[in-house]
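The block underneath contains the structure these notes are about, expressed in structure tokens.
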Amino acid sequence: MENLLNIATMMICTSIITVFMAIGFSIHAVFRPQDTAIRLWAATMWMATGAMVLLALRASWPFWLTVGLGNGLTVAAYGLLWTGFRVFFGKDPKWHFAFLGMLVWFGCLAGLDWVRGDVNYRIMLMALLLSAYTLPICLEAWAGWKQERLPTALVCSLFFLTHSVTYLVRIPFAIIRPADPYLGTAWSPWFAFLTLEAFVHVLFTTLSIIVLIKERAEARYRTAAETDSLTGAPNRSHFVHSVERYLANKTEPFVFALMDLDNFKLINDRYGHLAGDQVLKAFAELLSAHLPRASMFGRIGGEEFAMLIGELEEKAAIGVLEAVRMATESLEPGILAGVPGVTVSIGAVTSAAGLGGFDNLMAAADVALYVAKGQGRNQLCLYDPVHALQTIGEAEAHDERQVSDPRLSIST
């Protein structure tokens, strides 16, 4: 058993893993110096490498250099690991806590004879110190998962929780079945198995950090591909895909609306494109603030936005759209660089119309929007099949006027 689970060998294997990860993270940090979390994790791996090498040499090197400094670096590595998770998920580092555990270790080792003289007391002290970091890492990963929904963050949270429990289990074992001093370290079957668990934990930690970085990058690329760069609203392709997915599974009534900011070209011409951009941003924020649960909106193009309101009865959904129209009238002029009188026209179609597919809903809402514009703008108009006939009739009359215009000549 001692040969099968040789603790020094496991330390050396751990150091091989951490040194390769330290090199990889350091190279990454050189090319992306703005990634503070990566720099912290690189420092973590370098510290862990030094700690494992020192601990593996306990049988032949001085006590204070191996047991003292080796364990101190281990605790500091966990402190930096926790700090890296905090920074990765957008929080400020807390340096005093990151290195507090190492200071406690050195203080106890220097000031308490029974810690220096008994390996089991040292095992219990290290169990407490490392759990004081693995539990916060668990909480940081859990908070990060709730914030960004990165799958590996949830896995990390669960794994660090179990790892913390595994460290704490060493305390009752050290009391009930004390480990025997052996070649500068400790030996007991339970201590060997728990050291093996620590080796597996280091391997998992390195892999999980790599996957977290990959998932974060993929999520950001996906967000960039699905988001309108000016307003931050979902872009047309993402909105269309979301609506089609919703329609494929819908079981409740919904309302689809197309919105067009009135006289937007005049705003651009009179106040400049910067003012127009501010109008678009403010309107997108307004839509986001009024968006009910199980609903979605997106920028279709130019000054046009669309919204699908689900899980609400028709009257309530229309009330949401009317609230949007009225709130648009009240947009703060100061936010919009002095642009007065911003209004929006809205064309809406309900699920009761029996139209399926995004294109049909879009066409119906466009007809209703055309009617709202024709009736004086700043209105909400519901789709009616009669509107479609009127629109076709008006288009045909317009074409006839163009053909009969004496200013037009047709040559053959």
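Taking the charged nitrogens against the carboxylate oxygens, E218 and K214 do have a contact shorter than 4.0 Å, which makes a salt bridge. A salt bridge links E329 with R325; the closest basic N to acidic carboxylate O contact falls under 4.0 Å.
Under the 3.5 Å distance criterion, the side-chain polar atoms of T18 are matched with a main-chain donor or acceptor of S15. With R58 contributing its side chain and L55 its backbone, the two residues share a donor-acceptor pair below 3.5 Å. Remark: side-chain polar atoms of S157 are not paired, donor with acceptor, to backbone N or O of L154 under 3.5 angstrom. With hydrogens and angles ignored, the 3.5 Å screen pairs a side-chain donor or acceptor of R216 with a backbone N or O of F88. In this structure a side-chain-to-backbone donor-acceptor pair under 3.5 Å is present from Y133 to G101. When atom types are taken as modelled, the side chain of S208 and the backbone of F204 share a donor-acceptor pair closer than 3.5 angstrom. At distances below 3.5 Å, not a single donor-acceptor pair connects side-chain atoms of D228 with backbone N or O atoms of N235. Of the possible donor and acceptor atoms, none in the side chain of R170 sits under 3.5 Å from a partner among the backbone N and O of M124. The backbone N or O of F89 lies less than 3.5 Å from no partner atom in the side chain of R86, so there is not a single donor-acceptor pair. No donor-acceptor distance shorter than 3.5 angstrom exists from the side chain of R236 to the backbone of G298, with no hydrogens or angles considered.
Judged by the 6.0 Å distance and 45° axis criteria, R149 is positioned over the aromatic ring of W145.
Between K91 and A143 the shortest heavy-atom distance is NZ-CB, 4.3 Å. Nearest heavy-atom pair across I309 and P292 is CG2-CG, 4.0 Å.
The aromatic rings of F25 and W41 are tilted relative to each other, their planes meeting at an angle between 30° and 60°.
Sparse packing is recorded around CZ of R177, with 12 or fewer heavy atoms of other residues, nucleotides or ligands lying under 6.0 Å away. Surrounding CD of E322 are more than 12 heavy atoms belonging to other residues, nucleotides or ligands, all under 6.0 Å away.
Side chains of S345 and D260: a donor-acceptor N/O pair is absent below 3.5 angstrom, by distance only. Looking only at atom types and distance, the side chain of W105 has no donor-acceptor partner in the side chain of T74 under 3.5 Å away.
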